[in-house]
Amino acid sequence: MTPSPLNVNNLEQPSADQLRRMPKVELHCHLDGSMRPETMLELAREQNVALPRSNPEELRAYMRADNVSSLEDYLARFEATISVLQTPEALERAAYELVQDVSKDGVRYIEVRNAPRLNTRTGLTEDEVMDATMRGLARAESDSGTVARFIACSLRQWSPEVSVQTAELAVRYMDRGVVGFDIAGGEAGNPAGAHAAAFLYAREHFLGVTCHAGEGDGPGSIEQALFLCGAYRIGHGVRAGENAELLSFLRDRQIPLELCPTSNVQTRAVESFAEHPVKRYLDYGIAVTLNTDNRLISGITLTSEFTRLVRELGFTVDDLARCVMNGCNAAFLPLPEREKLVARIGTELRRDWAYSG
């Protein structure tokens with residue numbers, strides 16, 4: 001439901017409740033990093049899986065990655081969620097609940113990503129994983145009104161052949177809601193260029209292509225994503241500013257960055273929230289988009305992220321709106337659908353939030 005118009009004269013310091021009502025898009029959100037702790041515990045009991053905590057709040061606190069030492073340490077938290085995402089029912093439920101949760105957070109469009117191969121430990125095929133996930137996303141979209149699409153991930157530490165198989169899987173499901181291919185996992189020592197064949201297959205079959213880069217490794221990782229893998233967007237890319245020429249290239253060609261400020265601090269890609277370059281990149285003209293990465297593991301929502309950007313980095317409501325519109329324009333949707341999203345959210349931002357764009 002569209003919220004009633006707000007008093008924009010009072011939006012120099014918007015409240016968290018006001019920002020919750022702001023229309024949002026999210027392009028970088030991992031299914032297995034964004035589960036409800038209560039659901040994890042229920043699924044664990046059903047599947048006879050041991051989790052590190054037996055109380056929802058204790059599990060929530062355990063999963064939050066505030067004190068990790070590296071990207072690899074951050075990624076280790078996923079073992080608990082992946083362990084319970086091994087049945088069709090669990091996958092469908094997790095996908096459904098994620099879209100329901102982000103809908104309450106003001107998200108109008110989301111691209112959920114996951115590595116299907118991780119959900120085959122107890123015998124599911126990757127097609128069965130995809131079928132269940134797509135059912136959950138479609139049902140949630142119907143119930144909530146939030147448009148939900150899917151990005152299939154491979155992992156850098158896997159073989160290039162596995163990545164090609166994941167790209168082939170993604171292409172097979174393009175008519176079921178899959179819009180992109182990505183590669184994630186530990187960056188350092190695992191160059192994306194080794195998986196160039198998978199990216200080429202995805203591009204040749206007209207699938208959107210993004211790539212985790214410039215998070216656990218430097219600008220050279222982003223360059224591989226762009227020039228060897230042909231990425232249309234960069235997942236994170238927070239370290240692009242370490243190379244001035246690269247930063248200008250990203251600006252001049254308006255290649256979107258899927259920035260995740262809190263997550264970038266947790267993975268030690270950035271020393272502190274105060275030092276995050278997101279505002280500098282936006283002011284420089286980079287196509288910045290704002291994302292949670294992992295709602296559970298980072299312990300955030302887009303609303304809390306927006307609120308912190310206003311309070312700590314001096315974001316204005318207009319800055320946030322620009323990032324939202326960047327996300328709309330960068331969505332891996334067919335042009336007619338993307339134009340409708342841009343028009344709908346742009347109208348709402350101009351009407352209720354005095355957006356100047």
Side-chain angles (χ1 to χ4, degrees), residues 16-17 19-20 24 26 28-69 71-107 110-116 118-122 124 129 132-133 135-137 139-141 143-144 146 148 150 153 184 260-267 291-308:
D17 182 62
L19 290 174
R20 186 172 297 108
K24 306 171 186 71
E26 175 143 31
H28 194 120
C29 184
H30 291 267
L31 176 64
D32 51 7
S34 302
M35 294 182 68
R36 298 174 184 173
E38 297 83 358
T39 296
M40 290 176 63
L41 290 167
E42 288 182 24
L43 294 174
R45 286 192 291 271
E46 292 171 4
Q47 299 175 48
N48 196 28
V49 171
L51 291 178
R53 300 289 185 274
S54 58
N55 171 278
E57 289 311 309
E58 290 178 359
L59 182 59
R60 186 186 305 277
Y62 171 85
M63 293 298 297
R64 182 163 176 159
D66 285 328
N67 299 307
V68 301
S69 60
L71 173 59
E72 287 73 17
D73 194 12
Y74 179 93
L75 294 175
R77 291 292 197 284
F78 285 81
E79 182 57 34
T81 57
I82 293 169
S83 70
V84 298
L85 287 175
Q86 300 299 324
T87 69
E89 295 78 13
L91 286 157
E92 180 174 350
R93 178 176 176 178
Y96 179 86
E97 290 180 348
L98 173 54
V99 178
Q100 289 284 0
D101 289 345
V102 303
S103 180
K104 295 173 184 176
D105 198 31
V107 175
I110 185 169
E111 291 176 3
V112 177
R113 63 185 74 191
N114 187 46
L118 291 174
N119 309 112
T120 62
R121 294 178 179 177
T122 60
L124 288 182
V129 171
T133 306
R135 284 197 301 271
L137 295 180
R139 187 161 57 88
E141 179 175 333
D143 289 351
S144 70
T146 293
F150 187 80
C153 293
C260 310
T262 292
S263 174
N264 297 154
V265 175
Q266 290 172 324
T267 62
N291 309 274
T292 60
D293 198 12
N294 300 285
R295 292 167 60 92
L296 172 63
I297 294 174
S298 287
I300 60 172
T301 64
L302 265 185
T303 294
S304 69
E305 202 77 332
F306 279 24
T307 303
R308 196 172 183 190

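Checked by atom type and distance alone, the side chain of E58 never pairs as donor or acceptor with a backbone atom of S54 at under 3.5 Å. No donor-acceptor distance shorter than 3.5 angstrom exists from the side chain of N119 to the backbone of Q86, with no hydrogens or angles considered. With hydrogens and angles ignored, the 3.5 Å screen pairs a side-chain donor or acceptor of T81 with a backbone N or O of F78. At distances below 3.5 Å, at least one donor-acceptor pair connects side-chain atoms of K24 with backbone N or O atoms of L19. With S263 contributing its side chain and C260 its backbone, the two residues share no donor-acceptor pair below 3.5 Å. Checking side-chain atoms of D105 against main-chain N and O of L302 turns up a donor-acceptor pair under 3.5 Å. One N or O on the side chain of Q47 and one on the backbone of V84 form a donor-acceptor pair closer than 3.5 Å. Judged by distance alone, with hydrogens and angles left aside, the side-chain atoms of S103 form no donor-acceptor pair with the main-chain N or O of V99 at under 3.5 Å. Side-chain atoms of E111 never come within 3.5 Å of backbone atoms of F150 as a donor-acceptor pair (strictly under, hydrogens ignored). Counting only distance, with no hydrogens or angles, the side chain of S144 and the backbone of A140 share a donor-acceptor pair below 3.5 Å.
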(request) Dump the intermediate steps for salt bridge (charged side-chain N to carboxylate O under 4.0 Å, His left out) on E38 and R60, then the final yes or no. (result) CA-CA 9 Å; E38 297 83 358; R60 186 186 305 277; 3.5 Å; yes

(request) Evaluate side chain to side chain contact (heavy atoms under 4.5 Å, CB included) for V112 paired with C29, printing each intermediate quantity in order. (result) CA-CA 5 Å; V112 177; C29 184; 5.5 Å; no

(request) List the steps and the verdict of side-chain hydrogen bond (donor to acceptor under 3.5 Å, both in side chains) for E141 and T146. (result) CA-CA 5 Å; E141 179 175 333; T146 293; over 6 Å; no

(request) Please step through salt bridge (charged side-chain N to carboxylate O under 4.0 Å, His left out) for the pair R295 and D101, ending with a clear verdict. (result) CA-CA 10 Å; R295 292 167 60 92; D101 289 345; 5.1 Å; no

(request) Please report the C-alpha distance between V107 and I110 in whole Å, then the side-chain angles of each, then the deciding distance to 0.1 Å, and finally whether the side chain to side chain contact (heavy atoms under 4.5 Å, CB included) criterion is met. (result) CA-CA 7 Å; V107 175; I110 185 169; 4.1 Å; yes

(request) Verify side chain to side chain contact (heavy atoms under 4.5 Å, CB included) between R64 and I297, making sure each step is shown before the conclusion. (result) CA-CA 4 Å; R64 182 163 176 159; I297 294 174; over 6 Å; no

(request) Could you give me the CA-CA distance, side-chain angles and deciding distance for L31 and L98, then say whether side chain to side chain contact (heavy atoms under 4.5 Å, CB included) is met? (result) CA-CA 7 Å; L31 176 64; L98 173 54; 4.1 Å; yes

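Note that the CG atom of L59 and the OH atom of Y62 stand 9.0 Å from one another [nearest 0.5 Å]. Distance check: D17 CG to T303 OG1 gives 9.0 Å after rounding to the nearest 0.5 Å. Note that CG of L85 and CG of L118 are 9.5 Å apart. Values are rounded to the nearest 0.5 Å. Atoms CG and CG, from L91 and L137 in turn, are 10.5 Å apart once rounded to the nearest 0.5 Å. Note: L296 CG to T292 OG1 = 10.5 Å, rounded to the nearest 0.5 Å.
In this structure, a donor-acceptor pair under 3.5 Å is absent between the side chains of N294 and D32. A donor-acceptor pair shorter than 3.5 Å cannot be found between the side chains of Y96 and E92.
Side-chain contact between M40 and L43 is absent, with no heavy atoms from C-beta onward closer than 4.5 Å. Side-chain atoms of H28 and R113, non-hydrogen and from C-beta on, do get closer than 4.5 Å to each other. Counting heavy atoms from C-beta outward, L124 and P88 have side chains that approach closer than 4.5 Å. In this structure the side chain of M63 never reaches within 4.5 angstrom of the side chain of P37, judged on heavy atoms.
Residues R308 and E305 are not paired through a salt bridge, judged by the lack of any N-O separation under 4.0 Å between the basic side chain and the carboxylate. Salt bridge annotation for E79-R121: present, with a cationic side-chain nitrogen under 4.0 angstrom from a carboxylate oxygen. Ion pair R93/E89 not flagged as a salt bridge, since none of the NZ, NE, NH1 or NH2 atoms sits closer than 4.0 Å to an Asp/Glu carboxylate oxygen.
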